[in-house]
Amino acid sequence: MSMALCLGQVFSKDKTFRPRKRFEPGTQRFELYKKAQASLKSGLDLRKVVQLPEGENLNDWIAVHVVDFFNRINLIYGTMSEFCTEQTCPIMSGGLRYEYRWQDGDDYKRPTKLPALKYMNLLMDWIESLINNEDIFPTRVGVPFPKNFQRLCKKILSRLFRVFVHVYIHHFDSVCSMGAEAHINTCYKHYYYFISEFHLIDRSELEPLREMTEKICN
C-alpha cells in the first residue's frame, strides 16, 4: 500500500478500518455531534470547542466525544498497523520507560504482555463493545446513563491515550513520511483539551507524552 493511499484511507470520511459508531439522526446526541463537528471545522480555538455548550447535559457531551475519539483514533491505529507488527513492536510500550499490559477480566484476567498490534486490536474491540451496549451508551430518548458511566469513559479515554503514546514514540517517523503529522497532532490536541477540560484522566498517566504535549498544546 502506498503512503498516499494509506493516508487517504485514514482521513477519508468514507473509508474506515471497521464499522464506525454513528449517531442516529433526530436524536439529541446527533444534534450535539453536529454542533461539535461544526465548531471543529470553524477554526475556533480547540480549548473553546471542547467546552460544554450552555444547557447541555455533561454525560451526553462526554458520550459524543468518546465515540468520536474512538472513531478517529481507530483510524490512526489502523494505518499504523502496516508499520506496527509483532516483529517491530513485540510489546505494547511507549519507549523504554512505559509498558502497557492488557487485562479485560474475561480472556485476560491478569495483566498480560502482548505485541502492540494485538493489544490495540483487543482495545478497539473492547471499546466497540462498550459503545454499542445500550445499557452503557443509551441511544433512546429518556433512557438514563448508568451510574458508572463517567468512570467507564475515563477508562476508555485512558486506554485510547496509550495509542497516542505508542504512535508518537515508536511510529512518528512513519506518520511524518505519510504527511499525517498535522492531522494526528490536531486529533491529539482536541483529545488533550477535552480530557483536561473535564478532568477525565489522572495527570500522572499523561507523563509519557509530557514533552510532546508541551510542544503542541501550549
Side-chain angles (χ1 to χ4, degrees), residues 16-23 29 57-81 84-140 143-171 187-188 191-192 194-209:
T16 62
F17 287 84
R18 66 175 66 216
R20 294 181 105 179
K21 170 73 174 182
R22 299 188 183 278
F23 302 100
R29 211 156 303 144
N57 176 272
L58 176 58
N59 281 342
D60 277 321
W61 191 238
I62 290 175
V64 163
H65 282 80
V66 166
V67 173
D68 193 38
F69 288 135
F70 164 72
N71 284 333
R72 291 170 184 270
I73 296 170
N74 179 51
L75 288 173
I76 292 170
Y77 132 82
T79 301
M80 288 302 101
S81 65
C84 183
T85 67
E86 291 192 13
Q87 288 70 42
T88 62
C89 306
I91 299 172
M92 178 61 179
S93 61
L96 298 175
R97 292 181 57 194
Y98 302 97
E99 177 185 307
Y100 302 115
R101 301 184 179 191
W102 181 254
Q103 181 178 20
D104 56 21
D106 296 319
D107 296 330
Y108 297 86
K109 297 187 183 303
R110 296 182 179 181
T112 305
K113 278 188 181 184
L114 293 172
L117 190 61
K118 174 70 171 175
Y119 181 103
M120 288 190 278
N121 266 314
L122 289 169
L123 171 59
M124 297 304 169
D125 288 344
W126 175 75
I127 295 174
E128 192 170 35
S129 70
L130 290 176
I131 63 179
N132 285 319
N133 185 332
E134 281 287 330
D135 293 331
I136 300 172
F137 281 75
T139 57
R140 298 183 301 278
V143 177
F145 288 95
K147 291 181 179 179
N148 65 340
F149 177 71
Q150 288 191 22
R151 181 170 60 82
L152 280 171
C153 286
K154 288 178 180 180
K155 194 168 186 177
I156 291 171
L157 291 166
S158 174
R159 289 183 168 182
L160 282 174
F161 176 74
R162 299 171 183 181
V163 179
F164 281 121
V165 172
H166 187 73
V167 168
Y168 270 122
I169 293 177
H170 293 279
H171 299 294
C187 183
Y188 178 67
Y191 166 91
Y192 175 78
F194 184 79
I195 58 106
S196 298
E197 174 74 13
F198 301 106
H199 310 290
L200 295 170
I201 295 184
D202 189 279
R203 304 298 296 182
S204 63
E205 292 192 47
L206 302 176
E207 185 62 23
L209 291 183

Worksheet entry | Chi angles and distances behind the side-chain contact (heavy atoms from CB on, under 4.5 Å) call for K113, E99 | CA-CA 8 Å; K113 278 188 181 184; E99 177 185 307; 3.1 Å; yes
Just so I know, are the side chains of [X] and [Y] near enough to count as touching, which here means a heavy-atom distance under 4.5 Å?
| X | Y | result |
| --- | --- | --- |
| P115 | I91 | no |
| C84 | C89 | yes |
| L200 | K154 | yes |
| Y192 | L209 | no |
| Y100 | H166 | no |
| Q150 | I62 | yes |
| M124 | I73 | yes |
| C153 | F198 | no |

So which atom in [X] and which in [Y] form the shortest heavy-atom distance, rounded to 0.1 Å?
| X | Y | answer |
| --- | --- | --- |
| I76 | C187 | CD1-SG, 4.0 Å |
| R162 | M92 | O-CE, 3.4 Å |
| S196 | R203 | OG-NH1, 3.5 Å |
| G95 | I169 | N-CG2, 3.3 Å |
| S204 | P208 | O-CD, 4.5 Å |
| I136 | P146 | O-CD, 3.4 Å |

Kindly compute the distance separating [atom1] ([X]) from [atom2] ([Y]), expressed to the nearest 0.5 Å.
| X | Y | atom1 | atom2 | answer |
| --- | --- | --- | --- | --- |
| L130 | F149 | CG | CZ | 10.0 Å |
| N59 | F145 | CG | CZ | 5.5 Å |
| L157 | L152 | CG | CG | 11.0 Å |
| L123 | I127 | CG | CD1 | 4.0 Å |

Practice prompt. Would you check, one step at a time, whether the test side-chain contact (heavy atoms from CB on, under 4.5 Å) holds for R101 with T112?
Written response: CA-CA 5 Å; R101 301 184 179 191; T112 305; 5.6 Å; no
Worksheet item: For atom CD of E86, is the number of surrounding heavy atoms from other residues, nucleotides or ligands below 6.0 Å larger than 12?
Response: no
Any sub-3.5 Å donor-acceptor pair from [X]'s side-chain atoms to [Y]'s backbone N or O?
| X | Y | result |
| --- | --- | --- |
| N74 | Y77 | no |
| T79 | L75 | yes |
| Q103 | K109 | yes |
| D68 | V64 | no |
| H199 | I195 | no |
| N57 | D60 | yes |

Discussion item. In terms of relative ring orientation, are F164 and Y191 parallel, tilted or perpendicular, with 30° and 60° separating the classes?
Written reply: tilted
Practice prompt. Please work out whether the ring planes of F161 and Y188 are parallel, tilted or perpendicular, with thresholds of 30° and 60°.
Written response: tilted
Worksheet item: What do you reckon, are the aromatic ring centroids of F194 and F69 less than 6.0 Å apart?
Response: yes
Worksheet item: Stepwise, does the side-chain contact (heavy atoms from CB on, under 4.5 Å) test hold for L117 with T85?
Response: CA-CA 6 Å; L117 190 61; T85 67; 5.9 Å; no
Item to complete: Could you walk me through whether H170 and S93 pass the side chain to side chain donor-acceptor pair (under 3.5 Å) test, one step at a time?
Response: CA-CA 8 Å; H170 293 279; S93 61; 3.2 Å; yes
Item to complete: Taking the six-membered ring of W102 (Phe, Tyr or Trp), confirm whether the NZ or CZ of R110 is under 6.0 Å from its centre and within 45° of its axis.
Response: no
